[in-house]
Structure formats: C-alpha cells, structure tokens
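Below: the structure, in structure tokens.
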Amino acid sequence: MTTTARPNAAPGESRVITEIDGPVAYVSLNRPDKLNGVDLDTIDELIAAATALKENREIRAVVLQGRGRSFCAGLDFASAFTDKKRVARYFLAGPRLVNRFQRVNQVWRELPVPVIAVVHGHCYGAGLQLAACADFRFTTPDATWSILEAKWGLVPDMAGTVPFSELLPADVLMRLAMTGEQLTGERAVELGLATEVADDPLAAALALVEQIAQRSPDSVAATKRLVYGTRRGSLRATYRLERRLQSAMFKARNTAIARKASAAKEAPVFGPRTFG
C-alpha cells in the first residue's frame, strides 16, 4: 500500500471530497483557503460522505484529512452564522436525540470500519472534535491542537465531549476546555489525545490500515462496536453485547476464512464485510 499525495482543490469544488483507492476511502476537507473551516454546507457534505461510506462493504478503512495547510481550523463563524434560521434548525435535536452539529462528528464513530484522522497544521475547535470522533489520530509533531471553544466563551458541543472524556482524565480535559491552551502534536500524543506522532502521518496511518486489513472485516467492525458499546454500559450489558457479537462472528463467512487460513498458515483472502 503506497502513500498517495492529495493536492489542493480548485476553487468551487465540493467542500468535502471522497476518493476511494483500493480498500481505503480518503475523505478530505476541501476549503484550503479557509484553513478548512467548517460551515453549514461542510456539515451537510461530511454527513453525506459518511452515510454513503457506511453502505460500502468493500472498503477497509477511512482516512479523514484536510487539504492545504491545515486539517481544520474549527467552525467558520463568519460563514456558518450568516443564516441564523438554518443554524437554529441544525441546533435542534432530531429523531436520534442529537442535533446536526453533533451528528457530523458522531457519524464517524458509527461507521463499521476504522476511521483515522491525519492531522497537520491547525486542529482547532470543531476540527479537534472531528478528529476525536475518529478511531485513531495520527499527527505531525508541529501540528497545533486546541479545544478552542473557550476563546469564544463556549463549550465543546459537536459530540466531542464523549471521546474527550474517554481519552483524557477529567482534570486534563477541564484544563484544556477551560483555557483553550494550544498543544503541539507531540504533546497531544503525550496526553493521550492523539494516537501517534510522525513526520508523515499519512504513511503511518496507512501502515496501520495495512495491518488491520489482514484481519476479518467482520471482526474489525464487531470490535469497534464492542469497544464503543461498552464504554459506559453496565457489566451485564457489556457481557450481553460480547455474547451477541461473538455469536455473530461464529456465523460470519470471513471468520471461517480466517480460521482456514490460520490452520494452513496462509494469508487469508477475505470477502466483503457482512457485519455492520
């Protein structure tokens, strides 16, 4: 698997670009002139991209990245709040008990494949919440990370508080959310906010994808559901989910392929994902 360069987009293109290269879907924020600041159209396009990818049973991973000089510098207030009625609609909770500002990030945790955020430049506010809702975060050493909502007298409200609480101790999270302190990529890894630091985070992310792709896509999907489904559940609910998911794995075609290949000491050749 090779690293593929992602050039800047021409003006007027979609705010979110999805490209599929073999088993990997690349989802790129595409407002480089705005440091990939998020406006309402970006929210719509990100949700649409994730929804479409959820139906694709051939992909094995999703890479979230930003074109140009930054991953994402946060919410573009100047653009997003020109239509206050639309903002109000997006802020109201829908049938899933989340509003659209929250849905844009939560949806990546619901994908049945690993999602890896590849961070460079700025990772602020809404962008940091997007990265946090990925399953893994690979960053350059000199990227800057910040829960920037504190600067505007706000709190994180785009689903970020759930992964923040999973990744960080309460005192560390409160410090970052109360101050808006800026962290380097290296410091974000030290605190547990980011997964790994690398000069070429895309190459490091693809190395992980290559490892994961050697395993059954069904067990990978079930593992993601198991981990997120048991973070806050009771012991009884946790064990029940374990049993239900393992029962599904026993019946999955890709499980039989994994067992047969392991017994024969051969590399497995998996079929499309059947779970999730």
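Note that this is a predicted model, so its numbers are computed, not measured.
Residue Val107 is grouped with residue Ile20 when hydrophobic side chains (ILVMFWY) are merged at heavy-atom distances under 4.5 angstrom, including chains of intermediate members. Ile47 and Leu111 end up in the same hydrophobic cluster when Ile, Leu, Val, Met, Phe, Trp and Tyr side chains are linked at under 4.5 Å. Leu46 is not connected to Val63 by any chain of hydrophobic side-chain contacts under 4.5 Å among Ile, Leu, Val, Met, Phe, Trp and Tyr, and they are in different clusters. By the rule that hydrophobic residues join a cluster once side-chain heavy atoms approach within less than 4.5 Å of another member, Val162 and Phe91 end up as members of separate clusters. A single hydrophobic cluster is seen to contain both Leu173 and Leu193, as judged by linkage of ILVMFWY side chains at heavy-atom distances under 4.5 Å, directly or through other members.
Under the 3.5 Å distance criterion, the side-chain polar atoms of Ser70 are left unmatched by any main-chain donor or acceptor of Ala73. With hydrogens and angles ignored, the 3.5 Å screen pairs no side-chain donor or acceptor of Ser247 with any backbone N or O of Arg244. Formation of a donor-acceptor pair under 3.5 Å by the Lys224 side chain with backbone atoms of Val113 is found in this model. When atom types are taken as modelled, the side chain of Glu45 and the backbone of Thr42 share no donor-acceptor pair closer than 3.5 angstrom. A donor-acceptor pair is defined here as one N or O able to donate and one able to accept, closer than 3.5 Å; no such pair exists between the side chain of Glu149 and the backbone of Val155. In this structure, Ser146 contributes its side chain and Gln182 its backbone to no donor-acceptor pair below 3.5 Å. Side-chain N or O atoms of Ser262 include none that pairs as donor or acceptor with a backbone N or O of Arg259 at under 3.5 Å. With Arg137 contributing its side chain and Ala131 its backbone, the two residues share a donor-acceptor pair below 3.5 Å.
Smallest separation of non-hydrogen atoms from Phe275 and Ala221: CD2-CB, 3.7 Å. Nearest heavy-atom pair across Ala126 and Leu75 is CB-N, 3.7 Å. Nearest approach of Ala25 to Leu53, heavy atoms of both residues: CB-CD2, 3.7 Å. Minimum heavy-atom separation, Ala213 to Phe270: O-CD1, 4.3 Å. Of all heavy-atom pairs between Asn254 and Arg273, the closest is ND2-CA, 4.3 Å. Annotation for Ala134 and Tyr228: closest pair O-OH, 4.0 Å, computed over non-hydrogen atoms.
Dense packing is recorded around CG of Asp171, with more than 12 heavy atoms of other residues, nucleotides or ligands lying under 6.0 Å away. For Arg215, the CZ atom counts as loosely surrounded, since its 6.0 Å shell holds 12 or fewer non-hydrogen atoms of other residues, nucleotides or ligands. Around atom CZ of Phe77, more than 12 heavy atoms belonging to other residues, nucleotides or ligands sit under 6.0 Å away. At most 12 non-hydrogen atoms from other residues, nucleotides or ligands lie less than 6.0 angstrom from CZ of Arg253. Atom CZ of Arg175 is surrounded by 12 or fewer heavy atoms from other residues, nucleotides or ligands within 6.0 Å.
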Q) Can Phe138 and Leu202 be said to form a side-chain contact (heavy atoms from CB on, under 4.5 Å), step by step? A) CA-CA 7 Å; Phe138 287 73; Leu202 178 57; over 6 Å; no
**Q.** Working for salt bridge (charged side-chain N to carboxylate O under 4.0 Å, His left out), residues Glu166 and Arg109
**A.** CA-CA 13 Å; Glu166 294 168 352; Arg109 288 167 67 98; 3.0 Å; yes
(Q) Run the side-chain contact (heavy atoms from CB on, under 4.5 Å) test on Gln246 and Arg243 for me, step by step, so that the C-alpha distance in whole Å, both residues' side-chain angles and the decisive distance to 0.1 Å come before the verdict. (A) CA-CA 5 Å; Gln246 191 71 306; Arg243 292 193 299 271; 5.9 Å; no
Q | Stepwise side-chain contact (heavy atoms from CB on, under 4.5 Å) check, Asp142 with Thr184 | A | CA-CA 5 Å; Asp142 59 350; Thr184 63; over 6 Å; no
Q | Derivation and outcome, side-chain hydrogen bond (donor to acceptor under 3.5 Å, both in side chains), residues Trp145 and Thr139 | A | CA-CA 10 Å; Trp145 297 55; Thr139 178; 3.2 Å; yes
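Separation of atoms CE (Met174) and CD1 (Ile147) is listed at 12.0 Å; rounding is to 0.5 Å. To the nearest 0.5 angstrom, Cys133 atom SG is 9.5 Å from Leu128 atom CG. If you take CD on Glu181 and CG on Leu148, they are separated by 12.5 Å, rounding to the nearest 0.5 Å. Distance check: Ile17 CD1 to Asn30 CG gives 4.5 Å after rounding to the nearest 0.5 Å. Rounding to the nearest 0.5 Å gives a distance of 6.5 Å between CG of Leu245 and CE of Met249. We find the CG-OG distance between Asp41 and Ser14 to be 10.0 Å, quoted to the nearest 0.5 Å.
With Val62 as the partner, the side chain to side chain contact (heavy atoms under 4.5 Å, CB included) test is satisfied by one option alone out of Val27, Asp135, Thr18, Val24: Val27.
In this pair, Tyr90 and Phe101 present their aromatic rings perpendicular. The plane angle is above 60°, beyond the 30 to 60° band.
A donor-acceptor pair shorter than 3.5 Å can be found between the side chains of Gln106 and Glu110. If you check the side chains of Thr144 and Tyr124, you find a donor sitting under 3.5 Å from an acceptor. In this model, a donor atom of one side chain and an acceptor atom of the other lie less than 3.5 Å apart for Ser28 and Gln65. For the 3.5 Å distance criterion, the side chains of Thr274 and Asp218 qualify, holding a donor opposite an acceptor.
Salt bridge annotation for Glu13-Arg31: absent, with no cationic side-chain nitrogen under 4.0 angstrom from a carboxylate oxygen. With salt bridges taken as basic N to acidic carboxylate O contacts below 4.0 Å, one links Glu19 and Arg67. Ion pairing between Arg15 and Asp44 fails under the 4.0 Å rule for side-chain N and carboxylate O.
Side chains of Cys72 and Val38 form a contact here, defined as non-hydrogen atoms less than 4.5 Å apart. Taking the side chain as every heavy atom from C-beta outward, His120 and Pro201 never approach each other to under 4.5 Å. For the pair Ile116/Leu64, no side-chain contact is recorded, criterion being any heavy-atom separation below 4.5 Å from C-beta on. Within the 4.5 Å cutoff, no side-chain heavy atoms of Ile257 are placed close to those of Val269. A heavy-atom distance below 4.5 Å is not found between the side chains of Leu35 and Phe71. Contact annotation: the side chain of Leu183 approaches that of Leu191 to within less than 4.5 Å [non-hydrogen atoms, C-beta and beyond]. Considering only heavy atoms from C-beta on, Glu196 stays 4.5 Å or farther from Phe136 through its side chain. At a threshold of 4.5 Å between non-hydrogen side-chain atoms, the residues Val197 and Thr140 do not count as touching.
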